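This report concerns only the one structure given below.
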Amino acid sequence: MSKNAINKLRLKFIGIFMGVLIAIIGLFSVSIHIINQYNRNRVINAALSYIVDQNGEINKNPKAGSFDDFSTEFHYSARYFSVTYNKDGSIARSTTSHIAAVSRSQAYNLARKALRSGDETGHYGVYYYKVAKLSKKQTLVVFLDCTTQIESSKNLTMTIIMVTLPGILLVFVCALAISKRAVRPEIENAERQNLFITNASHELKTPLAVIRANMEVEEMMNGEDEWTKSTMNQVERMNGLIQNLVMIAKAQEQENREGDAIINVSTLINESIDPFMSLVQSENKQIIRTIQSDVMMKGDASKVRQLCSLLVDNAVKYCDDQGTITVALSALKKDKVIRLDVSNTYADGKNVDYTKFFDRFYRADQSHNIDRGGYGIGLSIAESIVRLYGGSIHASWKEGIITFTCMMKSKI
């Protein structure tokens with residue numbers, strides 16, 4: 001895994017962690033808010049019921065047992081008003097001496113609105129009310145000024161916000177710092193691995209060149225035999241493996257997209273197929289092209305060529321004798337996605353595990369790989385290129401045909 005891939009994985013983990021953290025904190029904050037609202041409403045309803053029990057006005061000698069939930073100061077601190085209506089709708093009495101912000105006419109208007117609403121309890125702004133029947137002939141409407149309780153709830157909500165937001169920000173900063181330190185060994189390992197592959201590939205070229213030269217001298221002096229031929233074949237295989245190892249190292253560093261430009265994918269795909277035509281014809285196979293014209297995307301032309309070449313090369317190698325290879329390209333304008341399908345006839349592909357095709361050095365058909373020259377690396381590199389452009393690649397088999405489907409974002 002490359003340095004950029006590790007950093008992307010780190011950021012993805014932080015994103016998931018922060019999402020879970022915010023969800024948990026949000027759940028706790030909402031729970032506290034709901035509990036606070038419930039307690040506030042319970043206290044308000046209890047106070048209104050208490051005033052109703054006093055027939056709309058708290059006096060110094062309350063009814064026995066009705067003053068238990070409130071301190072003696074409640075008689076002086078409560079801001080309320082009440083209006084009592086007769087059965088015919090006339091006002092029997094009213095109390096507005098315990099509140100200064102509401103005039104008598106305003107008290108009458110609010111009381112009438114409460115009666116017309118048909119609700120036993122409710123509120124208009126900061127004034128909560130309760131409607132109660134005193135007798136068959138009289139109805140009492142009591143209003144309580146709940147400004148203090150509402151402000152207290154608002155202050156609690158603001159306190160929660162002021163505490164949680166800096167806390168979340170602090171956790172995010174700490175997560176960035178800690179995760180960066182945690183993945184540093186992995187990044188260093190990835191860099192050392194790529195360096196090792198590059199150095200090892202370079203060092204292996206020298207002895208292989210010596211072996212090749214010695215075999216060529218041996219053949220010149222004594223002629224070619226099965227032993228020299230076998231040795232030369234293994235040298236060729238080793239050279240091919242070294243080249244593929246270097247390609248892996250480069251594929252891991254392809255996240256750099258500074259050289260991207262607007263490219264014509266249709267032209268690039270056609271140009272990538274052309275070199276395979278003679279090989280395909282010599283093996284009595286055929287290539288069918290279904291390529292939409294002028295499909296454009298923002299990308300690196302060399303990487304798109306490499307992607308197509310890898311998939312077509314794989315299709316040619318594993319295509320059945322006298323089979324057909326199909327290359328299809330289309331643009332899904334609605335989703336701004338480019339689709340590339342490379343398929344070939346493959347009669348023996350029914351019971352193959354296609355989920356492992358993109359694992360490095362995985363080869364489904366071990367018995368034929370030596371003859372076909374496969375190393376199990378090309379599809380892994382193809383997957384790296386597709387992911388570079390925010391896409392996906394998968395393999396599927398149906399009715400004797402295997403298809404590799406690439407979906408890439410056009411970015412234009």
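In this text, all values refer to a predicted model and were calculated from it rather than measured experimentally.
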List for me each residue that meets side-chain contact (heavy atoms from CB on, under 4.5 Å) alongside Lys154, sequence neighbours excluded, and say none if there are none.
Ile150, Glu151
Starting at NZ of Lys133, measure out to CD of Gln138 and round the result to the nearest 0.5 Å.
10.5 Å
So which heavy atom on Lys285 is nearest to which on Val316, and how close?
NZ-O, 2.8 Å
Closest heavy-atom pair, Leu311 versus Ala382, reported as atoms and distance to 0.1 Å, is CD2-CB, 4.3 Å
Can you pull the side-chain hydrogen bond (donor to acceptor under 3.5 Å, both in side chains) pairs that have at least one residue in residues 156-183, sequence neighbours excluded?
Arg10-Ser179
Of all heavy-atom pairs between Val83 and Ala107, which one has the smallest distance, and what is that distance?
CG2-O, 4.1 Å
For Arg289, salt bridge (Lys or Arg N to Asp or Glu O under 4.0 Å) partners two or more places apart
Asp274
Test your reading of the model: is there a side-chain donor-acceptor pair from Tyr80 to the backbone of Thr95, 3.5 Å cut-off?
no
Begin with the C-alpha distance, continue with both residues' side-chain angles, and end with the deciding distance and a verdict on side chain to side chain contact (heavy atoms under 4.5 Å, CB included) for Val265 and Val304.
CA-CA 7 Å; Val265 182; Val304 174; 4.2 Å; yes
For Asp320 and Tyr346, what are the C-alpha separation, side-chain angles and deciding distance, and is it a side chain to side chain contact (heavy atoms under 4.5 Å, CB included)?
CA-CA 6 Å; Asp320 293 338; Tyr346 185 43; 4.2 Å; yes
Could you check whether any side-chain heavy atom of Val327 comes within less than 4.5 Å of a side-chain heavy atom of Leu340, counting everything from C-beta outward?
yes
Under 4.0 Å between a side-chain nitrogen and a carboxylate oxygen: does that hold for Arg339 and Asp341?
yes
Working to the nearest 0.5 Å, report the span between SG of Cys174 and CD1 of Ile14.
11.0 Å
Can you name the residues that form a side-chain contact (heavy atoms from CB on, under 4.5 Å) with Ile22, not counting sequence neighbours?
Ile168
State, with a plain yes or no, whether a side-chain heavy atom of Ile262 is found less than 4.5 Å away from one of Met297.
no
Shortest non-hydrogen pair, Tyr389 vs Asp300, comes out as OH-N, 2.8 Å
Tell me the closest heavy-atom pair linking Asn86 and Ala92, and the distance in Å.
OD1-CB, 3.4 Å
What distance do Tyr108 atom OH and Ile91 atom CD1 have between them, rounded to the nearest 0.5 Å?
4.5 Å
Between the CG atom in Asn344 and the CD1 atom in Ile287, the distance rounded to the nearest 0.5 Å is 10.5 Å
For residues Ser94 and Arg104, determine if any side-chain heavy atom of one lies less than 4.5 Å from a side-chain heavy atom of the other.
yes
Would you say Asn264 and Asp294 are linked by a side-chain donor-acceptor pair, where the criterion is simply a distance under 3.5 Å?
yes
Is any side-chain heavy atom of Leu329 closer than 4.5 Å to a side-chain heavy atom of Thr290?
no
Kindly determine whether Ile381 and Leu310 satisfy side chain to side chain contact (heavy atoms under 4.5 Å, CB included), including the steps that lead there.
CA-CA 8 Å; Ile381 296 173; Leu310 288 168; 3.8 Å; yes
Taking only residues at least two apart or on different chains, which pairs with a member in residues 118-131 satisfy salt bridge (charged side-chain N to carboxylate O under 4.0 Å, His left out)?
Glu120-Lys130
Under a 4.5 Å cut-off applied to non-hydrogen side-chain atoms, are His33 and Val30 in contact?
no
Would you mind reporting whether Met407 and Thr405 have side-chain heavy atoms less than 4.5 Å apart?
yes
Side-chain donor or acceptor of Trp397 paired with backbone N/O of Ala347 under 3.5 Å
no
Hey, is the main chain of Thr403 close enough, under 3.5 Å, to the side chain of Ser343 for a donor-acceptor pair?
no
State whether the side chain of Asn41 and the backbone N or O of Gln37 hold a donor-acceptor pair below 3.5 Å, judged by distance alone.
yes
With side chains defined as the heavy atoms from C-beta onward, is the minimum distance between Thr231 and Gln234 less than 4.5 Å?
no
Rounded to the nearest 0.5 Å, what's the gap from CD1 on Ile288 to CD1 on Ile273? Could you check?
11.5 Å
Would you give the length of the straight line joining atom OG of Ser384 to atom CG of Leu379, rounded to the nearest 0.5 angstrom?
11.0 Å
Carefully, step by step, assess Phe17 and Lys12 under the rule side chain to side chain contact (heavy atoms under 4.5 Å, CB included).
CA-CA 9 Å; Phe17 171 74; Lys12 184 177 181 181; over 6 Å; no
Under 3.5 Å, side chain of Ser49 to main-chain N/O of Asn45, donor-acceptor pair present?
yes
With no hydrogens and no angle check, is any side-chain donor or acceptor of Ser266 less than 3.5 Å from a backbone partner on Gln292?
yes
Using modelled atom types only, decide if a donor and an acceptor are shared between the side chain of Gln106 and the backbone of Ser103 within a distance under 3.5 Å.
yes
Nearest non-hydrogen partners of Cys406 and Ile393, listed with the distance:
SG-CD1, 3.5 Å
Give a yes-or-no answer on whether the side chains of Gln286 and Thr324 include a donor-acceptor pair shorter than 3.5 Å.
yes
With a 4.5 Å cut-off on side-chain heavy atoms, are Ile32 and Leu156 touching?
yes
For Tyr129, check ring-ring contact (aromatic ring centres under 6.0 Å, His included) against everything at least two apart and list the hits.
Tyr124, Phe143
For the CZ atom on Arg40, are there more than 12 heavy atoms of other groups (residues, nucleotides or ligands in this structure) within a distance under 6.0 Å?
yes
For the residue pair Tyr127 and Phe81, categorise the inter-ring angle as parallel (less than 30°), tilted (30 to 60°) or perpendicular (more than 60°).
perpendicular
